[in-house]
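In each ligand, atom 1 is the first atom listed, and ligand 1 is the first ligand listed.
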Amino acid sequence: MRAWKKQLDALEDQHEQLTLGAGAASRGRAPRNLDQLTGILEEVLQSGAEKRNGVVPERKAPVNALEGRVRSSANGHARSEDSDDEYISPSEDDMDEDEEDVDEGDDKRPAPAPKAPHMVPRQVAMRQPRPSGPAPPGFESQSADRPNAPVPPPGFESKAALHSSPGIPRGSNGFPKTSPAKESRGVADMKPTDLRSLLSRKREGSSPQLSHTPRTDNSDGDPAAPAVPDAREIINMRKREPLEPPAPRPMREWDAGKEALQDEAPAERPARPTRPGVPLYQPRPRDRAPDAAPPPPPPPPPPPGFTAGPERPQPISAARAPSGMSDDGFKAPSSPMVDPEEGSRDRAYFSNGQAHSEDASSSTLQDQLFPSLGAAATGADAEGGSPSSAALGPQLKGAWGSGSIASRLAQVQKDPATMSSPAPGSVDTVAYEQRAGLRPKHDAMPDKDRRQQMRSKRDFVHEEDVRTGRKRGWMNVAEGLELHKNLLSPAEQEIFIQAIKDWEAQGRRNELRGRTFSAPRKSMRGKGRVTIQFGCCYNYAVDREGRQPGIIPEEVVEPMPDLLVALVKRLVRWGVLPAKMAPDTAIINIYDQIDCIPPHIDHHDFSRPFCTISLLSEQEIMFGHKLIPLSAGNFVGATCESFLLPLPVGSCLVLKGNGADVAMHCVPPVSEKRMSITLRRMGPQYADQVRKQAERAAQPVQRLPRSWADDAVEEAPRRYGADDWEEAEGDNDNRLQRF
Ligand SMILES: O=C(O)CCC(=O)C(=O)O
Ligand SMILES: [Fe+2]
């Protein structure tokens, strides 16, 4: 109060001088409250202004001043109409004096108290930085903002500029309530809501504070300083750099949607980083044997919508694929052969069908245990190498063999001779494979020489911007893929093709147990793929019982036939799969023309690595981090990122690493009939289940009235639809494992 008193006295003195006695009325009138004090002060100021303008003021009743005050406060707003009139310029001396007083008083005031109105604008005028340059749109200065406002006196433009700042709450005197220092801090101190509105104005190009002004000098106002390129300019320049041209590849019907998407793809996509020396994978033209005698007749015209069909298997000759020579980036194996028994001893189920015996005429254990399949291998035709359907074992009727399966398994485990295949490289290997039906009798090429005809490629590169879970950034999603050509000779391929046809025929006759065989009705384009499962029952989709996709141990399927067991042993012996991950299950896919398999990642009920072997026709498999169905059978990379890998007949594609777990894969609609054998090992969690399943296999199984897969497919009728993807978005694994 002392400061106020002093201030009031000074003002009253001033008033008295200015009004030549007019202030006498107010003198001796002690203010009873703050409003009254303010009224007095306003009266003083107004009379001072009039005096300076040469007008002799009339006496105003104090009550008017008080009313005016109340009126402006009653606005509830920061500004009264007559507040502009309060811009009064005291003399410099007064200003200094008053500032001193106010500062002094400020120190002593415990709580915010009303300031003398003329003090506040003076402080603001002195501390507020003056805006320079033309005001941006929406932020015009006082005159534009309020055309009728009086022009401030010379030297006080800053006040006017301050007035013009929008969105700042003002007191009844027209000055901002916020401190000017705060006001000038800028974007960093803005509230999120302010920032949001500024940002939206920036997007519309009207924000003065965030609109970008390229800065081309590196010093404030020094024109001699070297120019610094603007960051945004650099980004724009980079965006304009030409991108890598896409790898050319033949156009297929199912690519049409993808091509369309590529056309629409934004050109600003940053260039994909490439590692020097590692070229991106590009499908190569199929090689022809240089010694292939007369060129084959031109193939018949492909069906509508398909390009030329694949070639039939070519005979493998030493001249065409000399040992150790690189063939289109494919190399002959250089690692030593592996003992396939190493990884199979812990799996009774895997071993129980071993066809090994020194006596080629003896029947196998599989014959005894699993008569519905067991004779397929041993019945291979000595000349043609193909097991005939007549050579397949007797059909199973009701009970499956006799006696306890557990006792038979125990017998198998006690007798290593029945479990083991010959040591790697031994001459017995040839005999073993012949007995198992894998090799025709006339093919006596030593195993190690046959292995040298295999050609392997492991350095696939396909980098994608991956955003899944913890994995982020550019990643080679093809890492872990391996393609081994010539795993099976053409004659061996024929053996497998015939065996699969026989199993399919058995399945159609309902001679395979449980859920071994499934042939969904072709109710939708590309959906008729036939599957035959051995070793375990795998549920593709939620089934009628509500069981989730994955292995269903309680469901019975036929065990691995000898032919497939011998194939697994070759894969291990030749180093294609590790012994410890020797597959104990198989799923055979039979694709008719335009059948496909939708994008998926193989279920983690199965270990990695696993593999798939191609037969009958060469088709392409598509890989990409996110593959989606555009329509039935029309699959594309969600970000236009995918690559197609042709799978030659007789080849084996191994999936592990990113290739198995980050990239999805699918087989787009095939141009002609194709078969594949996917070999996978059940995860360790199924070790016990495997044994239990073998035991259950000895029990009579009631036949299903029709193929179980029909039910499963009906449970998921939209599984090929684009909507399905939408629903599953964000739940990667579940979505992927449904197929
Ligand atoms: O048919 C093929 O080659 C692939 C099959 C496949 O991806 C699968 O069964 O999971
Ligand atoms: Fe798969």
- Parallel, tilted or perpendicular: ring planes of Phe610 versus His665, cut at 30 and 60 degrees: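 The arrangement is tilted - the two ring planes meet at 30° to 60°.
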- Could you grab the distance from atom CD of Glu555 to atom CZ of Arg513, nearest 0.5 Å is fine?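 Nearest 0.5 Å value for the CD-CZ distance: 11.5 Å.
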- Task: Please examine the side chains of Leu571 and Cys611, heavy atoms only from C-beta on, and report whether any two atoms are closer than 4.5 Å.
- Result: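 Cys611 vs Leu571: side chains touch.
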- Item | Closer than 2.8 Å to the Fe ion (ligand 2) - protein N, O or S atoms, ordered by chain and residue number |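 Less than 2.8 Å away from the Fe ion (ligand 2) sit His600 NE2, Asp602 OD1, His665 NE2.
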- Any donor-acceptor N/O pair, Asp605 side chain to Ile551 backbone, under 3.5 Å: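 It does hold such a pair.
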- Item | Ring centroid separation Phe460 to Phe623 under 6.0 Å |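 Ring centres of Phe623 and Phe460 not closer than 6.0 Å.
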- Judged by modelled atom types alone, do Ser617 and Gln619 share a side-chain donor-acceptor pair under 3.5 Å?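 Checked: Ser617/Gln619 side chains pair up, N/O donor to acceptor below 3.5 Å.
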- Message: Under a 3.5 Å cutoff, is there a donor and acceptor pairing between the side chains of His604 and Asp661?
- Response: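 Yes, a side-chain donor-acceptor pair sits under 3.5 Å.
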- Item | Residue from Ile500, Val649, Asn589 passing side chain to side chain contact (heavy atoms under 4.5 Å, CB included) with Leu615 |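 When Ile500, Val649, Asn589 are each tested with Leu615, the side chain to side chain contact (heavy atoms under 4.5 Å, CB included) holds only for Ile500.
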- Message: Checking side chain to side chain contact (heavy atoms under 4.5 Å, CB included) between Ser651 and each of Ile613, Leu488, Leu483, Leu487, which is the one that passes?
- Response: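 Of the listed residues Ile613, Leu488, Leu483, Leu487, the side chain to side chain contact (heavy atoms under 4.5 Å, CB included) partner of Ser651 is Leu483.
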Ligand 1: protein N/O within less than 3.5 Å of ligand N/O:
from	atom 1	to	atom 2	distance (Å)
ligand 1	1 (O)	Tyr591	OH	2.5
ligand 1	1 (O)	Arg674	NH1	2.9
ligand 1	1 (O)	Ser676	OG	2.7
ligand 1	3 (O)	Thr612	OG1	3.1
ligand 1	3 (O)	Arg674	NH1	3.3
ligand 1	3 (O)	Arg674	NH2	2.9
ligand 1	7 (O)	His600	NE2	3.2
ligand 1	7 (O)	His665	NE2	3.0
ligand 1	9 (O)	Asn589	ND2	3.3
ligand 1	9 (O)	Thr678	OG1	3.3
ligand 1	10 (O)	His600	NE2	3.1
ligand 1	10 (O)	Asp602	OD1	3.4
ligand 1	10 (O)	Asp602	OD2	3.1

